[in-house]
There are 2 protein chains.
Amino acid sequence: MYQAFMNLAEDKRQAIINAALKEFSINHYATASTNRIVSNARISKGILYHYFGSKKNLYLFLYDYTTTIFSEALNRQIDLAEPDIFKRYQQIMKIKVDLMKQYHALFDFLKKTFAETSSEVRDELNHYNATIQKNAYAKAFEGIDISLFRENLDIKKAIDTIQWVTDGISHRYEERLKAHVDNQELFNELIEQCMEEASEYFLFLKTLLYQ
Amino acid sequence: MYQAFMNLAEDKRQAIINAALKEFSINHYATASTNRIVSNARISKGILYHYFGSKKNLYLFLYDYTTTIFSEALNRQIDLAEPDIFKRYQQIMKIKVDLMKQYHALFDFLKKTFAETSSEVRDELNHYNATIQKNAYAKAFEGIDISLFRENLDIKKAIDTIQWVTDGISHRYEERLKAHVDNQELFNELIEQCMEEASEYFLFLKTLLYQ
DNA sequence: AATTACATTGACCACAGTAGTCAATTTCAA
DNA sequence: TTGAAATTGACTACTGTGGTCAATGTAATT
């Protein structure tokens with residue numbers, strides 16, 4: 001399926017994927033416009049429908065594609081021998097930003113799919129959601145050594161805190177990253193800064209939470 | 001301005017405000033539909049335009065209205081004599097959930113205005129943004145006693161962490177709250193749970209961050 | 001009862017944008 | 001040169017848009 005599309009030259013294929021991801025991450029399914037997608041991807045209307053047949057197929061293709069590359073990246077690149085939860089989080093962050101270098105709107109798109117309510121696609125999203133994504137993300141935290149934490153510490157609250165601090169730093173950079181998606185150099189520099197800042201906060205949390 | 005609207009019976013006025021806030025919090029300005037607003041508020045198209053004149057006026061009225069009631073609530077209800085940052089956060093949370101009981105989509109709407117890019121309204125939003133809102137929110141943290149924190153603690157990181165944990169708990173309840181906006185009893189119960197859970201996490205953070 | 005002034009309705013309008021189609025053209029390997 | 005596949009973009013039927021306005025309802029005043 002989608003063979004003609006997959007045989008395309010890589011840069012053209014990515015331009016189409018990125019234009020579509022961006023459109024579906026800004027608008028929900030019903031209001032997203034295939035006209036804007038072809039205009040931003042600089043292709044004709046006809047060829048998009050030649051590749052995907054319908055807006056619905058395009059959307060579901062994107063969902064399949066993004067969940068697959070994300071979960072495969074997690075499976076391939078997470079080092080399950082690493083018992084330190086902070087280092088695990090850094091691995092996950094690294095995987096995410098590397099993917100974002102290629103597909104800027106990838107995680108905005110996935111986030112949007114969680115809130116998608118359009119009856120035309122909702123059911124088929126849930127099918128995937130339940131299986132691939134949760135498993136991959138859960139697996140990314142397998143084998144964490146909780147004995148590294150201070151004694152008598154509420155582990156659940158500690159882990160939630162680490163998660164929320166990670167989210168907070170990401171949010172802090174999101175806006176600036178979005179504003180510079182077209183300047184590769186600046187974009188990469190911001191990503192470096194974000195990773196660096198995360199390290200500092202992790203060090204801070206480590207002194208609080210670890211023995 | 002908007003006199004006729006403000007003289008309306010309170011329940012009718014609130015129905016219109018809530019329908020509009022919901023529409024503008026789900027869609028951005030350009031794709032939000034006045035047809036859906038009048039349909040959800042159970043009023044005629046004509047009367048909405050009699051009250052507000054245009055979609056743009058309606059939107060800016062809502063922005064003015066919500067920022068005003070929020071900043072006034074902060075000014076009126078925050079106890080600046082309270083030096084404990086956790087208690088201050090709890091005060092802010094209380095103010096927010098009380099407002100949400102009346103206007104469910106209030107903070108979703110305000111959040112959306114930050115990301116609004118439509119040229120038709122962007123300039124006039126920034127005008128407000130710079131002044132009212134930031135000041136009121138900054139004032140809510142005036143007079144915090146940082147000597148309550150452990151010695152040698154990175155205060156900025158500590159405060160960020162508290163903020164992000166607060167955000168995290170809020171997010172955790174957001175979805176469920178949205179799913180039950182029409183069941184007042186359950187809605188209020190969820191709010192109680194959320195405040196209770198925040199207390200627990202604040203206690204957890206206190207043992208880590210305070211002397 | 002008649003008058004007046006305002007509140008409210010909803011059918012209606014011109015228009016913009018939609019998903020999808022398809023005859024015509026281009027591309028390119030055989 | 002041929003033929004098949006890739007690609008174009010004008011086109012269609014249609015849906016939904018912000019906004020209007022003649023008509024009607026409402027209620028207080030004379």
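We name chains A, B, ... by the order of the sequence lines, and we start the count at 1 in each one. Reckoned from all heavy atoms, side chains included, excluding hydrogens, waters and symmetry mates.
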Query raised in the report: What class does the angle between the rings of A:Y59 and A:F109 fall in, given that below 30° is parallel, 30 to 60° is tilted and above 60° is perpendicular?
Result: perpendicular
Query raised in the report: Which part of the nucleic acid does A:F5 contact within heavy-atom distance under 4.0 Å: base, sugar-phosphate only, or nothing?
Result: nothing
Query raised in the report: Are any of the side-chain heavy atoms of A:C194 and A:R176 separated by less than 4.5 Å?
Result: no
Query raised in the report: Take atom NZ in A:K101; do more than 12 heavy atoms of anything else shown fall under 6.0 Å from it?
Result: yes
Requested in this report: Please check the phosphate of D:dT7 (OP1 and OP2 only) for any side-chain N or O of A:H50 closer than 4.0 Å.
Outcome: no
Query raised in the report: Under the side-chain hydrogen bond (donor to acceptor under 3.5 Å, both in side chains) criterion, do A:S33 and A:E23 qualify, and how do the steps go?
Result: CA-CA 7 Å; A:S33 157; A:E23 179 67 16; 4.9 Å; no
Query - Pair B:Y65, B:Y103: side-chain N/O donor-acceptor within cut-off below 3.5 Å - result: yes
Query raised in the report: Between which nucleotides of DNA chain C, read 5' to 3', does contact with chain A run, using atoms under 4.0 Å from its heavy atoms?
Result: C:dT18 to C:dC22
Query raised in the report: Hey, is B:D79 close enough to B:K87 for a salt bridge, meaning N to O under 4.0 Å?
Result: no
Requested in this report: Hey, can you tell me if A:F70 and A:F107 have their rings parallel, tilted or perpendicular (30° and 60° cut-offs)?
Outcome: perpendicular
Query - Phosphate contact (D:dA6 OP1 or OP2) by A:Y51 side-chain N/O below 4.0 Å - result: no
Report task. Using a strict 4.0 Å threshold on nitrogen-to-oxygen distance, state whether B:K94 and B:D98 make a salt bridge. Result -> yes
Query - Base-contact (B) and sugar-phosphate-only (S) positions in nucleotides 11-29 of chain D, heavy-atom cut-off under 4.0 Å, - elsewhere - result: ------BBBBB--------
Query raised in the report: Quick one, which residues of residues 8-18 of chain A touch DNA chain C with a heavy atom under 4.0 Å?
Result: none
Query raised in the report: Less than 4.0 Å between a side-chain N and a carboxylate O, is that true for B:E120 and B:K55?
Result: no
